[in-house]
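Note that the coordinates shown come from a computational prediction; the quantities given were computed from them, not determined experimentally.
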There are 2 protein chains.
Amino acid sequence: MYLRSLLDMAETRGAITVSSDELARLAGVNAAKVRKDLSYLGSYGTRGVGYDIEYLLYQITRELGLTQDWPTALIGIGNLGRALASYKGFSERGFRIAALFDVDDDVIGQQVGGLTVRHLDELKESVNEDGLSIGIIATPPSAAQEAAEKLVDAGVKSILNFAPSVVNVSPDVNIRKVDLSIELQILSFYEQRTQAIAAAREANRRLEIKHRPPR
Amino acid sequence: MYLRSLLDMAETRGAITVSSDELARLAGVNAAKVRKDLSYLGSYGTRGVGYDIEYLLYQITRELGLTQDWPTALIGIGNLGRALASYKGFSERGFRIAALFDVDDDVIGQQVGGLTVRHLDELKESVNEDGLSIGIIATPPSAAQEAAEKLVDAGVKSILNFAPSVVNVSPDVNIRKVDLSIELQILSFYEQRTQAIAAAREANRRLEIKHRPPR
DNA sequence: ACGAGCTTGTGACTGAAATCACAAACTCAA
DNA sequence: TTGAGTTTGTGATTTCAGTCACAAGCTCGT
């Protein structure tokens, strides 16, 4: 989050430094938290001045491992897969989609974003050839477990799963999931609750009018 | 998460009940936490038996507001927008993409997933006509703020932002963001760290060999 | 050189979330 | 009916993240 705020800031304003207060406002958190978080990187701030934006950007980028190039395999070239393949946000952060895989013969061989879709069975050789280190799963839920296993078998230790299903892998593999609909469900929960509260208040108001004697 | 695990379970296995232990394993959390979480819904479990899967599914669905239909506006019909428009996971959970908006004349008028893309300026009328209650932003980062403001102006109180930029709205509006590349950055961080540790261990080993006298 | 005005870095504190641990409540077999 | 074996629901405890508060350290004007 800080990284994103700092990048925004570096682009737009010509400022050299930023205070924890300012960064906090941009990132939507407490200023003390900003300082504590940044202190884990070392003492890169100057009292009375703030943090040097460029230096801080470099340190965060380095710590997150974003100075390296991470060749990434994308499995499942459906609607979501295609969108991810051409998603600017990945390449901007050093995540280069380097190989595409699917199991559907109609899709295999197609050109997507300058890459040819290959069969999932060729994953292992491709990992060796291209040095793939991260795998993204964008398959239907039912195919996610198999995709994960093939990735692990090929030696990939970091997996990002966009399929809305539970995937089990050995504990030394780092798997994270993004469920696109979970955030919508959270919004729905709050909407539902505010509506329910409004309805209850309304019902209550009617009752009071009915039963309370006029003053 | 519980909802998803339970749906999986209801589909595959023919079990009637589930224990907190089992659900915890599926959802990847502590069993006591499962019980405490579920207890907020009321006491729907039976000691010595567990929870009735169907009943629990209904209660969670109801509490999350997923028994209702939530007509949703989607702004920004680029790669990601198109993928989201046809994403099965949304409709399965009751989120119906009911209207599409963009500002690009080349895109406006196109048919995407059975809907015609309209100009963002028509948002307000569409909110009134179709009863849109949730807005999804899938624009480029620079256009996200404007899209959010138009949504708020039209009366939408729940917004999901896929654009990787900070968006400010009044506090009575519920805005959540999904940053597709943040999860990759987290994976990168761990990869970077394990590689750094491995490198340090290797360097250390070499030093020891060099300096330690042979036994 | 010095004091006013900032801003960082961090120990102390607070509050919330996660976990533990166990009584209570159920099933089932004998 | 009883007792062994489960499993829930929840008070007590632990852990951890977030916040507060302030000394330390910097700049700049005078």
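- Rounded to an integer number of Å, the gap from A:D21 CG to D:dT19 P is 13 Å.
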Residues A:Q59, A:E63; criterion side chain to side chain donor-acceptor pair (under 3.5 Å); working and verdict | CA-CA 6 Å; A:Q59 290 298 341; A:E63 185 73 13; over 6 Å; no
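- Atom CG of B:L41 and atom P of D:dG9 are 10 Å apart (whole Å).
- Residue-environment remark: CD1 (A:I16) stays at or below the threshold of 12 foreign heavy atoms within 6.0 Å.
- Of the candidates D:dT8, C:dT10, D:dA23, the closest approach to any side-chain atom of A:R47 belongs to D:dA23.
- An OP1 or OP2 oxygen of C:dT8 is reached within less than 4.0 angstrom by a side-chain nitrogen or oxygen of A:S20.
- Residue contacts for B:Y44: at a heavy-atom cut-off of 4.0 Å it reaches the sugar-phosphate backbone alone, with no base atom in range.
- When the side-chain nitrogen and oxygen atoms of B:Y51 are compared with OP1 and OP2 of D:dT6, none of them lie within a distance under 4.0 Å.
- For the pair B:N30 CG and D:dT14 P, the interatomic distance rounds to 16 Å; values are reported in whole Å.
- The side chain of A:K33 places no N or O atom within less than 4.0 Å of a non-bridging phosphate oxygen (OP1 or OP2) of D:dT19.
- The environment of OH in A:Y190 is sparse: at most 12 heavy-atom neighbours from other residues, nucleotides or ligands sit within 6.0 Å.
- Side chains of B:D21 and B:S19: a donor-acceptor N/O pair is absent below 3.5 angstrom, by distance only.
- Distance from the side chain of B:R35 is smallest for D:dT10 among the nucleotides D:dC22, D:dC26, D:dT10.
- Atom CD1 in A:I16 sits about 15 Å away from atom P in D:dT27, given to the nearest Å.
- Protein atom OH of A:Y40 is 16 Å distant from nucleotide atom C1' of C:dT8, rounded to whole Å.
- Comparing A:T46 and B:S19 by the nucleotide of DNA chain D that holds the closest heavy atom to each, the one mapping nearer the 5' end is B:S19.
- The CG atom of A:L38 sits 15 Å away from the P atom of C:dT7 (whole-angstrom rounding).
- The side chain of B:A32 lies closest to C:dC20 when the candidates are C:dG9, C:dA18, C:dC20.
- Put simply, the side chain of B:T67 never gets that close to the backbone of B:R62: no donor and acceptor are under 3.5 Å apart.
- A straight line from CG of A:D37 to P of C:dT10 spans 13 Å, rounded to a whole angstrom.
- Of the candidates D:dT19, D:dG11, C:dT8, the closest approach to any side-chain atom of B:K36 belongs to D:dG11.
- B:M1 has its CE atom 13 Å from the C1' atom of C:dA18, to the nearest Å.
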